[in-house]
Visitor: 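Sharing a structure below in structure tokens format, with a few things to ask.
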Amino acid sequence: MPDRVIRDKRVENDLFQVLGLEGDVPAELPHGPILVPLATWKARRAELAARREPAGVWLRPDEDPAELAQDVASLHVIGVHFPKWGDGRGFSTGTLLRGRYDYRGELRAFGDLGRDHLLHLTRCGFDVVKLGARHDPEKALAAFDEFSVLYQGAIDEPLPLFRRRVANVL
């Protein structure tokens with residue numbers, strides 16, 4: 001059964017293969033959509049850009065999204081790896097890519113993620129989430145409906161609730 005992702009609050013098959021998580025990226029790249037680590041992207045940028053199949057880059061939690069600042073306009077997919085349940089650095093990476101670097105392509109989160117992460121990932125600008133193996137993406141969709149009002153401003157709604165209410169009064 002193919003891996004599944006949550007895209008725009010729907011579950012679908014994941015077409016992308018993430019390379020470099022468990023070792024080096026092979027010299028001959030596999031067919032199909034791929035995500036490569038930042039180091040591979042930097043070393044093989046021209047080769048990856050020339051592929052006839054989709055290719056994107058993924059970032060580790062300790063990698064600076066500023067290293068992709070010159071590439072955000074040309075990248076169709078950027079992934080952010082969440083290696084451990086409690087490692088939230090990827091939330092900041094997503095927010096920086098969307099806010100500071102104005103990234104408009106697909107932003108995907110993958111790794112040790114669960115239902116409790118979904119709403120906040122969306123608020124930080126992620127539009128695709130691949131949950132950890134022990135989580136059912138169909139059941140996790142309910143997380144999007146748990147809160148009817150969101151107070152804080154975020155990437156998906158920059159104005160906090162009190163500013164939205166004042167704007168509606170004026």
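We count residues from 1, following the sequence as given.
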Visitor: Say whether L48 and I78 are linked into one hydrophobic cluster, either directly or through other cluster members, by side-chain heavy-atom distances under 4.5 angstrom.
Guide: yes
Visitor: Does L59 belong to the same Ile/Leu/Val/Met/Phe/Trp/Tyr cluster as F91, with side-chain heavy atoms less than 4.5 Å apart forming each link?
Guide: yes
Visitor: Is the count of non-hydrogen atoms from other residues, nucleotides or ligands lying under 6.0 Å from R104 atom CZ greater than 12?
Guide: yes
Visitor: Is there a path from V72 to V57 through hydrophobic residues (I, L, V, M, F, W, Y) whose side chains come within less than 4.5 Å of each other?
Guide: yes
Visitor: So how far is it from H81 NE2 to L38 CG, rounded to the nearest 0.5 Å?
Guide: 14.5 Å
Visitor: Taking the basic N atoms (NZ, or NE/NH1/NH2) and the acidic carboxylate oxygens, is any pair closer than 4.0 Å for D136 and R115?
Guide: no
Visitor: With rounding to the nearest 0.5 Å, note down the distance linking CG in L35 to CG in L19.
Guide: 8.0 Å
Visitor: When clusters are formed by joining ILVMFWY residues with side-chain heavy atoms under 4.5 Å apart, either directly or through shared neighbours, do V18 and I6 land in the same one?
Guide: no
Visitor: Should D116 and W85 be marked as a side chain to side chain contact (heavy atoms under 4.5 Å, CB included) after you check the CA-CA gap, both sets of side-chain angles, and the distance that decides it?
Guide: CA-CA 10 Å; D116 293 346; W85 181 263; 4.3 Å; yes
Visitor: Hey, are D14 and R108 close enough for a salt bridge, meaning a charged N less than 4.0 Å from a carboxylate O?
Guide: yes
Visitor: When rounded to the nearest 0.5 angstrom, what is the spacing between OG1 in T93 and OH in Y101?
Guide: 10.0 Å
Visitor: Taking only residues two or more places apart in sequence or in another chain, which ones pass salt bridge (charged side-chain N to carboxylate O under 4.0 Å, His left out) with D24?
Guide: none
Visitor: Report the distance from atom NZ of K130 to atom CZ of R7, rounding to the nearest 0.5 Å.
Guide: 12.5 Å
Visitor: Does the distance from a Lys or Arg side-chain N to an Asp or Glu carboxylate O, for R4 and E12, drop under 4.0 Å?
Guide: no
Visitor: Between R134 and D112, is there a salt bridge with N-O shorter than 4.0 Å?
Guide: yes
Visitor: Give a yes or no answer on whether the side chain of H135 reaches the backbone of G132 with a donor-acceptor pair at less than 3.5 Å.
Guide: no
Visitor: Is there a path of hydrophobic side-chain contacts, each under 4.5 Å between heavy atoms of I/L/V/M/F/W/Y residues, joining V77 to L97?
Guide: no
Visitor: Hydrophobic clusters join Ile, Leu, Val, Met, Phe, Trp and Tyr when side-chain heavy atoms are under 4.5 Å apart, directly or via other members; which others share one with I155?
Guide: none
Visitor: Any salt bridge linking D87 with R89? Criterion: basic side-chain nitrogen under 4.0 Å from a carboxylate oxygen.
Guide: yes
Visitor: Just how far is it from atom CG of L121 to atom CG of L131, taken to the nearest 0.5 Å?
Guide: 9.0 Å
Visitor: Please name the residue in the list W41, F16, F110 that meets the ring-ring contact (aromatic ring centres under 6.0 Å, His included) test with W58.
Guide: F110
Visitor: Atom NZ in K42, atom OG1 in T40: separation rounded to 0.5 Å?
Guide: 11.0 Å
Visitor: Show your working on salt bridge (charged side-chain N to carboxylate O under 4.0 Å, His left out) between K9 and D145 and close with a plain yes or no.
Guide: CA-CA 10 Å; K9 301 179 184 177; D145 298 323; over 6 Å; no
